[in-house]
Protein chains: 2
Amino acid sequence: MEDGSAAPPQQHEGAAAAQRQATLHDVARTAGVSQATASRVLNGSIRNVRQENVAQVLAAAAELDYTPHLSAQAIARGTTNTAALVVSGVDDPYFSTVAGGATQAAEAAGLIVTMAVADRSPERELQIVRTLRGMRPRAIILTGSRIDGTDTRAALIEELDAYRRAGGSVVLISQYDLPFCTVSIDNYGGARQLARELVGLGYRRFAVVRASAALRTSRDRCEGFVDGLREFGIGVEARLVVEAEFSRRGGLAAGRELVRQGLGDTELVIAANDVMAIGVMTAFRDAGLVPGRDIAVAGFGDIGPAVDVVPALTSVAVPLRQVGLCAMELALSNDDVSRVVPISTNVVLRDSTPRR
Amino acid sequence: MEDGSAAPPQQHEGAAAAQRQATLHDVARTAGVSQATASRVLNGSIRNVRQENVAQVLAAAAELDYTPHLSAQAIARGTTNTAALVVSGVDDPYFSTVAGGATQAAEAAGLIVTMAVADRSPERELQIVRTLRGMRPRAIILTGSRIDGTDTRAALIEELDAYRRAGGSVVLISQYDLPFCTVSIDNYGGARQLARELVGLGYRRFAVVRASAALRTSRDRCEGFVDGLREFGIGVEARLVVEAEFSRRGGLAAGRELVRQGLGDTELVIAANDVMAIGVMTAFRDAGLVPGRDIAVAGFGDIGPAVDVVPALTSVAVPLRQVGLCAMELALSNDDVSRVVPISTNVVLRDSTPRR
DNA sequence: TTGAAAGCGGTACCAA
DNA sequence: TTGGTACCGCTTTCAA
């Protein structure tokens, strides 16, 4: 058909012909200046460039829809504008509130946040940290309960430590048993205080809904609560301690389990977190028990929805958003000291635990 | 241990002596192979490398705690492993659920998610897209209601379009009025159907709590609802249409406002989303009204907490998590067609709207 | 004030 | 199977 001319492959014009992003080089050429000058204009030092060229470069950049390639900048500058956040799950209001705070602080510092979800799997968490490290973020923030007894623990510490040695900063939220900067929520103390106040309201017979003992957060809260009761010589029957998933679903299941096996003369059920407590209340209601009247319920965390349920849930307030903010700020203010910032908690009594 | 090469400058051990990350070059040198070979081993083509060298490189990488520099890879490969997600707010269960789905899909595809919060500000949203574009993500997903009548609209379209021209894929969630791939939630139809079913339950006199008319999502829902009522010849008094923030707080305020001005013989209050509805219920309760008995309430979205409030909230279910999943999958499957994926909604009647 | 050029950490083609 | 080498897009001396 064709004569032997080596026709260049025609582009499919009009189709989604990915027409590569404009580069700094393109801008410079269009503006008729050197790449160095273009770089100067499009970034910090506008001062050392002639007015005329500034305008020229800006115009070219606008015309070509230029966006600096952050990866290229990162590699050239040796530093990124990224902060990484690892959460256990986004759906949980606990984490999403913390994430909100952290994100706000990061954006205030001009950083982009990359977020990953570990789904309470230590293996996944380790893998995530490994990947995230590749982005060379300025900080890595880990939130969610440390899970004890897993052999990934050492690997995680090693990974985080290597990251820190390379200049990154690590901040943990609520996991004060690892050798890193930690925003430490006083789960134990809060739960203990909660126990005291509930006893003060007249409660004597308790049931406990908790997550796996491997979950540090849950364990601390339970221990605090039990120790608080012990101050008054009150114990909790083993059969009234139910273990379930650390989620609303888990609370629901635990509530049903309690109903099934019979609550006896139990007066109050304490759950290891608010979503569990809410699940418990729903289970009770389904069984014809009216929470707050027939049986009291309390949680931990004081997430937003705690006040929307009926009766409003007694809980231990944790300044979640501030925790996130604080963690990010701590991470960004690189004082090398690996300190622990204690966050105190605060019992909030509501209608789910009326005075008896 | 090491060969006695010229003694490297002693590090301040113990102090935060940022000792730069190991590079591929370091690994190659330690393993005694070329950088090219090290690259081959540490990435795809292990096959074309001698067993012995593979081991050597792997060992060196482990010893040096090597992590590939993602930015460098991105720049060399010309493509990243990143997907970007823009939400209106993380604290809202609506968005965090969508974000959960999107994150899951992204991670399943081996991508890292970077998330930014626009806080319902169109200016902020535009700025975010501009920044995010610099990361050269494979996809940008925008979720949250489009806000009409802002002059940033054109700029946003231009920005997204430039991104797409450069090969990126854009997916919008619930904003079907922009010329991009959209996962379109049937807000209008769902609300209309809700109206029909509520009329079917015997309700005739309604109040509406809505967000600003500029918020597309809120507007569509209200229009659907009003049109649904009109089918039965039912109207809504203008004074019973209250506008407030698109949040729980807004709902609370609106509820108080309704109580203040008097509900008259209103039988049911419909809110533009669930968190508003929940706020409204709380306001009513505070005023001594029992939701579900004295006055019915319905929302939209069917977020998780909708079933935890008392009475459980009648709502229109949107498969939020799936919406997020779907959006990300759509974005990643780069068929160039800019299509609209309709997501149907589903009325869920609960105790907050008992049959009259 | 400007531009040339040497990296930054990798990838991938090409010849050996 | 290997190593040499030319980039990738940008920053930043260094001289002019």
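Since the structure is predicted, the reported quantities are computational estimates derived from the model, not experimental observations. Atoms considered below: every heavy atom in the structure, side chains included; atoms not considered: hydrogens, waters and symmetry mates.
The separation between B/N48 atom CG and D/dG3 atom P is 13 Å, rounded to whole Å. Distance B/R136 CZ to C/dG10 C1': 18 Å, rounded to the nearest Å. At whole-Å resolution of the value, CG in A/L70 and C1' in C/dC8 are 15 Å apart. Rounding to whole angstrom units, CD1 of residue B/I75 and P of D/dG9 are separated by 7 Å.
Between C/dT11 and B/Q73, a contact under 4.0 Å exists linking OP1 or OP2 to a side-chain N or O. Listed pair B/R50 / D/dT2 meets the phosphate criterion, a side-chain N or O lying under 4.0 Å from OP1 or OP2.
Between A/A36 and A/R47, the residue whose closest nucleotide on DNA chain C is further toward the 5' end is A/R47.
Backbone-only contact: B/T67 has heavy atoms under 4.0 Å from sugar-phosphate atoms and none from a base. A/T23 comes within contact range of the sugar-phosphate backbone alone, with a heavy-atom separation under 4.0 Å but no base atom that close.
Looking only at atom types and distance, the side chain of B/R130 has no donor-acceptor partner in the side chain of B/Q127 under 3.5 Å away. Judged purely by distance below 3.5 Å, without hydrogens or angles, the side chains of A/R321 and A/T97 never pair a donor atom with an acceptor atom.
In the helix from C/dT1-D/dA16 to C/dA16-D/dT1, the end axes, each obtained as the rotation axis mapping the C1' atoms of four pairs onto the next four within a five-pair block, lie 40° apart to the nearest 10 degrees.
Side-chain N/O atoms of A/R40 and base N/O atoms of C/dG3 include a donor-acceptor pair closer than 3.5 Å. Interface remark: the B/Q35 side chain does not form any donor-acceptor pair with the D/dG4 base, using a distance-only criterion of under 3.5 Å.
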